[in-house]
Amino acid sequence: MIRSAITVSLVEQARKGPFVFHGDLEAACRSAAELGFDAIELFAPSAEVISSLPLPALLSQYGLSLAAVGTGAGMVVHKLSLTDADSSRRQQAEAFIGQIMEAGAQYGAPAIIGSMQGRWDDQVNQATATGYLRDALQRLGEKAQTLGTVLMYEPLNRYETNMCNTMKQGVELLTPLATKSVRLLADLFHMNIEEATIEGGLLDAGAFLGHVHFVDSNRQAVGHGHMNYEPIAKALRSLDYSGYASAEAFPIPDAVVTAKSTIEGFRRWLR
Ligand code: LER
Ligand code: MN
């Protein structure tokens, strides 16, 4: 069974980012629960902030799970990435992700690596950057296993990274790893830009698929764009996908409409 989730950002610098709820964790949990979501996905400034939140009380009060924790604040706030030319910056990036993984694992939630993958450039060529990323994913995958969780790696569209843009490239990145604890995150918005067909991309991810960002073509709620969900739902069924479909979307016109449209789309297509 696929479970539903909705994003909550507590990162001031990501106020304009593609997250449904911003700033008020309790209000977000209340809305998510009222609409029938199974879980929230949290984008927080740091592991310390996650640990300081009243998450145990809120999750239990509202009957929600924690679907995943984002690590993008490392990039958005500190400009850290796993492919930085500077080895001490790469180490800081990995430490930042490791701490978020530990904070999420307390709630059984995997961490997501999206923007923290960085990009190759004049200072770090593609092969070197790919090596840095693979080595970091191997170490972080081992850490995830120790923590009893997994790590989600997210290919992004070409305007956000030049490391991996498609699920096929993601599979090529992860296949040589000794760890089996790194999975792929399929964000339908990025896939709409990069994949020949979205269902084909999902099938490319295959057994690596671990998490889905459930959103429409224009990065608004499901039903607000021109995405064709029928073949997407069919592909997910054929993979026996049983992870989360998490709404990572702009709150247009507002968070509540976005949440309502998403849960309607979720019930229509994925349940
Ligand atoms: C960024 O575009 C994104 O999709 C996030 O989930 C990862 O940082
Ligand atoms: Mn995403």
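Read the numbers this way: they start at 1 and go in the same order the structure lists the ligands and their atoms.
- Ligand 1 lies less than 4.0 angstrom from a heavy atom belonging to G114.
- At least one N, O or S atom of H213, from either the backbone or the side chain, sits less than 2.8 Å from the Mn ion (ligand 2).
- Considering only non-hydrogen protein atoms, atom 8 (O) of ligand 1 sits nearest to S115 N, 3.5 Å.
- The N, O or S atom of E248 with the smallest distance to the Mn ion (ligand 2) is OE1.
- For the pair I2/Y241, a side-chain contact is recorded, criterion being any heavy-atom separation below 4.5 Å from C-beta on.
- Remark: side-chain polar atoms of T71 are paired, donor with acceptor, to backbone N or O of I112 under 3.5 angstrom.
- A distance of 10.5 Å separates CD of E172 from OG1 of T130, quoted to the nearest 0.5 Å.
- Side-chain polar atoms of N125 and T128 form a donor-acceptor pair below 3.5 angstrom.
- Minimum-distance N/O/S atom of E154 relative to the Mn ion (ligand 2): OE2.
- D187 contributes OD2 as its N, O or S atom closest to the Mn ion (ligand 2).
- Proximity of R219 to ligand 1, defined as any heavy-atom pair under 4.0 Å, is confined to the side chain (atoms from C-beta onward).
- No side-chain donor-acceptor contact under 3.5 Å links Q138 to the backbone of R134.
- If you check the side chains of H190 and E195, you find no donor sitting under 3.5 Å from an acceptor.
- Counting heavy atoms from C-beta on, the side chains of S4 and I263 come closer than 4.5 Å.
- Closest to atom 1 (C) of ligand 1 among all protein heavy atoms lies E160 OE1, 3.2 Å.
- Of the protein's non-hydrogen atoms, the one nearest atom 7 (C) of ligand 1 is E154 OE1, 3.0 Å.
- Residue contact annotation: H190 has a non-hydrogen atom under 4.0 Å from ligand 1.
- Each of the atoms 4 (O) of ligand 1 lies under 4.0 Å from some heavy atom of D187.
- The shortest heavy-atom contact between R183 and G210 is CB-CA, 3.9 Å.
- Of all atoms in ligand 1, numbered sequentially from 1 with element shown, those under 4.0 Å from a heavy atom of H213 are 6 (O).
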